[in-house]
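Inspection log for the structure reproduced underneath, given as structure tokens.
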Amino acid sequence: MQPYILKKSPPLCGEIPVQRSKNASLPALAAALLTKDPVTLLNVPDLTDIDNMLALISSLGVTVSRELSSVTLCADTISAASFSPEHADRLRASVLLIGPLLARCGEARLLLPGGCAIGSRPLDQHIKGFCALGVRFSVADDALIARCDNLRGTHIRLDSPSVGATENLLLISVMAQGETVLDNAAREPEITDLISLLNRMGARILGAGTTHLTIQGVPALHGASHTPISDRIAAGTYAMMTLATGGDVFLRGANPSHLSSVLHILSQIGAKIIPDTDGLRIRGAKLHPVSLFTAPYPGFPTDLQPPLVALLSTVPGESFVTERIFEDRFRYLPELRKMGANIFVEGGTAAVSGVPALRGASVEATDLRAGAALLLTGLCAEGETRLSGVPHLLRGYTNLERNLTGVGAPIVLPDP
Ligand code: EPZ
């Protein structure tokens, strides 16, 4: 795909419609496999991660129908044996299909999942919980094979509050026999949203929003329709792009209550933030350096670490950003340094010295959120930036070019 051609942007001004959450939509699609009834998701974001997940799901025999932004899945027949490898290796969220396949078929065969190049991303917490519920694992070629006769509820304590493991164990335990308790669970808004959908499908889950979840198994689930929550990471990304250009943007549909730690940091940096009934307005001002670390929700989200570091590269003074979730999430820094960023990393902490001006360069996105960081930098650097690796961005940001050009960003796709 053609690279983006970026130039220094005037202040971004106007309104950006914030998409529904990618990371809430993906587990919701997996949840639809738990019932023979139709499940409809409304306002699903138009993203390649969603396309890949739907292709993988339909390769399992599930009927998928899409009409504008609504998706209806009907898993009246489902077969674990026919997964389509070409989609599984590009999508970390494919691992979320293991739970529903085990619950429905007693077997799951999936390629070891792909996803972003931000760390080893093991599955030990998923496997620990599955084994506790009675699942047996084997590996054949490069596929993970899981089997179970009947799933029995039990008490599981995660070693770390893994988002994916929490989602997977919710998906498998809703139809296990008896009660399952999940301790040290993650409590991201996307998990609360999944619990809301599952309970609407007839599940009996208590403790949403806490680290202690209790699931009473039920014999079967029924269909439902659901609108995923707003995408807090997309909203945070657009907010940082607004600040980087000294703009004034209304983020329609953003949910400030899912962004508390992010808005706290942006206010510390100097942003003016005005929450509203259907979103929030953010205005640039004189920006100041800040120090923070990423953490599980409600802490500062790791997915906004790259765009934040890019923003801080333009802020006079010394900022310190510590990444505590993924061990390799500073991989994009060499590309940022090509544009003049002055960043030194030691022991998981990036020391960011703001520079008076960044300079345009040819750079490449190595993953989704790294792409967002480089796009932000290209909008505030002097001169032209050629940003390649655009497909990474389209995995997670809907209508990205239209949203940004609509508030004045000079993004040009070169002639094909
Ligand atoms: C989800 O990934 C998100 N993806 C990620 O967003 C997000 O960065 C991450 O949660 C953290 O918030 C989706 O929801 C599709 P984890 P996930 O399991 O579930 C370690 C984006 O840009 N870990 O909470 O894979 C793991 O290595 C993506 O939208 C284990 O050690 O994240 C990591 O260091 C990127 N063992 C940490 O926990 C396990 O079994 C957090 O991982 C599982 C995870």
Side-chain angles (χ1 to χ4, degrees), residues 19-31 45 47-50 52-53 56 88 90-99 112-132 137 144 156-171 182 184-194 211 228-229 231-237 258 261-262 293-308 322-332 348 365-373 392-398:
Q19 69 198 54
R20 293 292 165 168
S21 166
K22 164 178 85 78
N23 292 349
S25 299
L26 291 167
L29 291 172
L47 299 167
T48 49
D49 267 13
I50 299 292
N52 276 324
M53 187 69 153
L56 190 53
R90 288 200 298 270
L91 185 63
R92 168 80 182 177
S94 59
V95 76
L96 295 176
L97 300 177
I98 297 178
L112 294 173
C116 286
I118 54 178
S120 61
R121 306 192 79 177
L123 294 172
D124 58 301
Q125 297 303 302
H126 301 242
I127 292 169
K128 169 183 175 174
F130 283 141
C131 292
F137 283 92
L144 185 67
I156 302 165
R157 179 174 179 76
L158 294 178
D159 299 331
S160 59
S162 154
V163 171
T166 302
E167 291 168 343
N168 231 340
L169 294 172
L170 280 168
L171 290 164
L182 191 50
N184 198 24
R187 44 190 172 139
E188 272 68 358
E190 293 77 23
I191 289 169
T192 300
D193 199 45
L194 175 61
T211 60
I229 55 172
D231 194 313
R232 60 194 172 102
I233 305 302
T237 305
H258 294 164
S261 60
V262 177
F293 53 84
T294 64
Y297 193 86
F300 190 91
T302 174
D303 292 347
L304 286 174
Q305 174 261 94
L308 179 72
T322 301
E323 172 59 52
R324 289 186 174 170
I325 304 292
F326 288 106
E327 71 274 16
D328 202 9
R329 202 154 207 181
F330 285 128
R331 276 192 70 198
Y332 61 94
T366 48
D367 69 73
L368 166 56
R369 308 304 177 183
H392 283 294
L393 280 161
L394 303 184
R395 286 186 46 214
Y397 295 98
T398 306

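Indexing begins at 1, ligand by ligand and atom by atom, following the structure's order.
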I need the minimum non-hydrogen distance between I233 and L304, along with the two atoms involved.
O-CD2, 3.5 Å

Of all heavy-atom pairs between G99 and N168, which one has the smallest distance, and what is that distance?
N-OD1, 3.3 Å

Just to be sure I read this right, does ligand 1 sit under 4.0 Å from the backbone of Q125, its side chain, both, or neither, counting only heavy atoms?
both

Only heavy atoms of K22, strictly under 4.0 Å: list the atoms of ligand 1 that pass.
21 (C), 29 (O)

At under 4.0 Å between heavy atoms, what of I325 touches ligand 1? The answer is both

Mode of A165 contact toward ligand 1 - side chain, backbone, both, neither (heavy atoms, under 4.0 Å)
neither

What is the minimum heavy-atom distance between G396 and K22, and which atoms define it?
CA-CD, 4.0 Å

Residues which pass salt bridge (charged side-chain N to carboxylate O under 4.0 Å, His left out) with R232, listed by chain and number, not counting sequence neighbours
E190

Shortest non-hydrogen separation from S25 to I50 and the atoms involved
CB-CD1, 3.7 Å

For R329, is the nearest heavy atom under 4.0 Å from an atom of ligand 1?
yes

Return a yes/no value for F326: is any of its N or O atoms, backbone included, closer than 3.5 angstrom to an N or O of ligand 1?
no

Is ligand 1 under 4.0 Å from a heavy atom in the side chain of D303, in the backbone, in both, or in neither?
side chain

Any N/O pair N23/ligand 1 closer than 3.5 Å:
yes

For the residue pair P45 and T398, what are the closest heavy atoms and their distance?
CB-OG1, 3.4 Å

F293 atom CZ: more than 12 heavy-atom contacts under 6.0 Å:
no

Does any N or O atom in R369 lie less than 3.5 angstrom from one in ligand 1, N or O only?
yes

What atoms in ligand 1 come closer than 4.0 Å to a heavy atom of H126?
40 (O)

Taking both backbone and side-chain atoms of L26, is any N or O found less than 3.5 Å from an N or O belonging to ligand 1?
no

Should the pair D159-K128 be classified as a salt bridge under the 4.0 Å nitrogen-to-oxygen rule?
yes

So the atoms of ligand 1 within less than 4.0 Å of a heavy atom of L368 turn out to be 22 (O)

Atoms of ligand 1 less than 4.0 Å from T302 heavy atoms?
8 (O), 11 (C)

Heavy-atom contacts under 4.0 Å between D124 and ligand 1: side chain, backbone, both, or neither?
both

Short N/O distance, under 3.5 Å, between E327 and ligand 1?
no

Would P122 count as a contact residue for ligand 1, given that I'm defining contact as a non-hydrogen atom of the residue lying under 4.0 Å from a ligand atom?
yes

R329 backbone acceptor or donor facing Q305 side chain under 3.5 Å
yes

Looking only at heavy atoms, which two atoms of P306 and D303 are closest? And how far apart?
CD-O, 3.8 Å

Show the atoms of ligand 1 that are less than 4.0 angstrom away from any heavy atom in L123.
40 (O)

Min N/O separation G164 to ligand 1 under 3.5 Å
yes

Mind checking the CG-OG1 spacing from L368 to T48? Nearest 0.5 Å is all I need.
8.5 Å

